[in-house]
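Values below: every heavy atom of this structure, side chains too, minus hydrogens, waters and symmetry copies. Start at 1 and go down the list; that is how both ligands and their atoms are numbered.
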Amino acid sequence: MLGGLLLASLLPFASAIQITIPLGSDNAVSVDGNLMSLSIEQDRWLDWSGSTSGNSFFSNTLNNLVTLTGDAPTVRIGANSEDHTDYADAPAALFVQEVFPPSTPTNPYPEATAIVAGPGFYEARHPLFCHVSLNDRGKAAQFLPSGTGVTWGVNFGGRNLTAVYLETQAIVGAFDNLQDTSLDFLELGNEADLYKNNKLRASNYNVAEYTTEWIQFATNMSLTAGLNCSDTRILGASFAGSSHLNASFSPQGIFANGILDSYPGQFISTISQHHYSGSFCSGSGGLLQDLMTKSTIRSNLSSFIPDIEATQALGLDYLFGETNSYSCHGAPGVSNTAGAALWALDYALFGTQIGISRMYFHQGIGFKYNFIQPVTLNRSILDGSNLASPQQPHIQPAYYAAIIAAEAIGSNSDAGRSVLEVNVNDSRIAGYAFYEGDQLARAVFINSLAFFNGATNRSSTHIDLSFTGSDSAPTSFSVKRLVIGFADDVSSVTWGGQSYETPDGRISGSPAEEKGTVAEGIDIPATQAVMLTFGSS
Ligand SMILES: *[C@@H]1O[C@H](CO)[C@@H](O)[C@H](O)[C@H]1NC(C)=O
Ligand SMILES: *[C@@H]1O[C@H](CO)[C@@H](O)[C@H](O)[C@H]1NC(C)=O
Ligand SMILES: *[C@@H]1O[C@H](CO)[C@@H](O)[C@H](O)[C@H]1NC(C)=O
Ligand SMILES: *[C@@H]1O[C@H](CO)[C@@H](O)[C@H](O)[C@H]1NC(C)=O
Ligand SMILES: *[C@@H]1O[C@H](CO)[C@@H](O)[C@H](O)[C@H]1NC(C)=O
Ligand SMILES: *[C@@H]1O[C@H](CO)[C@@H](O)[C@H](O)[C@H]1NC(C)=O
Ligand SMILES: *[C@@H]1O[C@H](CO)[C@@H](O)[C@H](O)[C@H]1NC(C)=O
Ligand SMILES: *[C@@H]1O[C@H](CO)[C@@H](O)[C@H](O)[C@H]1NC(C)=O
């Protein structure tokens, strides 16, 4: 430890901190490999999945994560366009017919305002299409990796029982005969707390009216889906915000109005909350630093603690069913940058510590905050201008956050995987320890001080490690670094020397070999994340 401090004192712009890591998992929180999952804007779902054949770029990016954890990211298909979707059997809508508003500089890739989904959008096992061979039927969910759990949104905004009935039939049918892909949840309505603002309901729509209406429509949905007593496949709430109060939109509000005592309410096992850190249609360096900052990440998430406690007190699970950095599909030059990868990683990992079991990061074709851009883009995601040459499918920097989380959580689900935030007395450094069974396996540190293009002094923080617990403490570790040129870079990020910025979304390059010792500690430059893997010697 002394050696580390001496070394640090010789480096320019370096500060040193001491971090103590428990060797045992006593206080750690159980976590799945798909902690960082995806929410997909429903209108262009078929662009993600592929229709008659799969989108291999998208499936490669998902399979990269499966390789690291054994768990496929869960996928929610829904959001804004969920409440604008109708269903028709007409052959013209075998897949889907949509109306898109014009692209604008602040909204280069707007959601469809009218969607008529046909059998092929969900599945094509309809009598009209018996002549189409099963392989050509566009059962889109079949292209997801084996083991993927899917949440699918049903239109509640339209208050049309026939649409609820037909969509539910089609969704449930889409999972018949799929071996390894399952329907985790049906979601009835997206952000109903905003219906009073977006004219889907009267301006005085309240949580009591919502609960009564929801019960009526969800009764039909659960009967149509054939849910039985052991099913828990309805997702509750999915509100944009929360009042945290019984009398208005919040988990507490629907509980107080008796949702769980209703017939469809018995199928709710999980409450979903949506959250963005703010809404900014233009970006700046200051905004990126705000996003990355440890204290704002913690204050954004901690405000939901009362809701999480109220949910868990009833024996229910709590997740973020839709989230990302800033609404407006992301802030340009902020949400699409490498700094946002550090935000996403700290945000998801901190969430586990307060009881958020999974986060679905929202994605849409051409949205600024995407992890993945799965199709060729012809317009700029930043301002909608025509691109001189089309941009092929690619990952954005935040994808690396999902890779790091997956790798740190690991694949040892048999032993049990858990994560613990370690106490770090530094406003820029966050730290997490990862356990397999009761053994410390890895640690991740994030330096969220933004180092921008044009800056010269890159500070670095030296970390000295010590351990508590009765097991023998490690003396060495291997190191992987998320190397970022500048916080506002949008590409050329590497993880352990390797890149996912490839034409097919698969990893490329040789791994960088770096070892360290506990005696020397580790340096972490501004705008970087590191993962230490502890060996047995
Ligand atoms: C209700 O939904 C059905 C099926 O999506 C659609 O055909 C019908 O036009 C809708 N009715 C209204 C009044 O919008
Ligand atoms: C659900 O609603 C549809 C459309 O109104 C109706 O045809 C169907 O019978 C209803 N199902 C149940 C179980 O009530
Ligand atoms: C309930 O439904 C599930 C899936 O739909 C099925 O696997 C299970 O056997 C059913 N249970 C009963 C008691 O019917
Ligand atoms: C909120 O509602 C719950 C029942 O869901 C009740 O136990 C609690 O006392 C209520 N809280 C307030 C402040 O009224
Ligand atoms: C959430 O984070 C943003 C910065 O990204 C900050 O401006 C905002 O105040 C935070 N909100 C809360 C409730 O802490
Ligand atoms: C970009 O243009 C190509 C070629 O016309 C087309 O295949 C692709 O769908 C377009 N991308 C989007 C997102 O519309
Ligand atoms: C945290 O660090 C500050 C200096 O940055 C120091 O004054 C303070 O004593 C430290 N607190 C603890 C609990 O170590
Ligand atoms: C770099 O850091 C040194 C020492 O803290 C300081 O004197 C100098 O002004 C800094 N330069 C820039 C460009 O920030």
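- T376 O, 3.5 Å is the protein heavy atom nearest to atom 12 (C) of ligand 6.
- Protein heavy atom at the shortest distance from atom 11 (N) of ligand 7 is N425 ND2, 2.7 Å.
- In summary, of the residues considered (Y165, Y263, F156), a ring pair (Phe, Tyr, Trp, His ring centres under 6.0 Å) with F217 occurs for F156 alone.
- The side-chain tip of R379 points at the ring of Y109 from less than 6.0 angstrom away and within 45° of straight on.
- Here is the list of ligand 1 atoms found below 4.0 Å of a heavy atom in N160: 1 (C), 2 (O), 3 (C), 8 (C), 10 (C), 11 (N), 12 (C), 14 (O).
- Residues E209 and R201 are not paired through a salt bridge, judged by the lack of any N-O separation under 4.0 Å between the basic side chain and the carboxylate.
- I395 pairs in a side chain to side chain contact (heavy atoms under 4.5 Å, CB included) with only one of the listed residues (N60, N64, T61), which is T61.
- Using a 4.0 Å cut-off to heavy atoms of D86, the atoms of ligand 1 that qualify are 2 (O), 5 (O).
- Checking atom 2 (O) of ligand 7 against the protein gives a heavy-atom contact under 4.0 Å.
- F58 pairs in a side chain to side chain contact (heavy atoms under 4.5 Å, CB included) with only one of the listed residues (I40, V375, N63), which is I40.
- At a distance under 4.0 Å, a protein heavy atom can be found next to atom 8 (C) of ligand 7.
- The single protein non-hydrogen atom nearest to atom 10 (C) of ligand 6 is N378 ND2, 2.5 Å, given as residue, atom name and distance.
- A salt bridge links R298 to D346: one of the charged nitrogens lies within less than 4.0 Å of a carboxylate oxygen.
- In summary, D231 and R233 engage in a salt bridge, as defined by a charged side-chain N under 4.0 Å from a carboxylate O.
- Protein heavy atom at the shortest distance from atom 4 (C) of ligand 1 is Y87 O, 3.4 Å.
- Residue Y109 has no nitrogen or oxygen atom sitting less than 3.5 Å from a nitrogen or oxygen atom of ligand 6, judged on distance alone.
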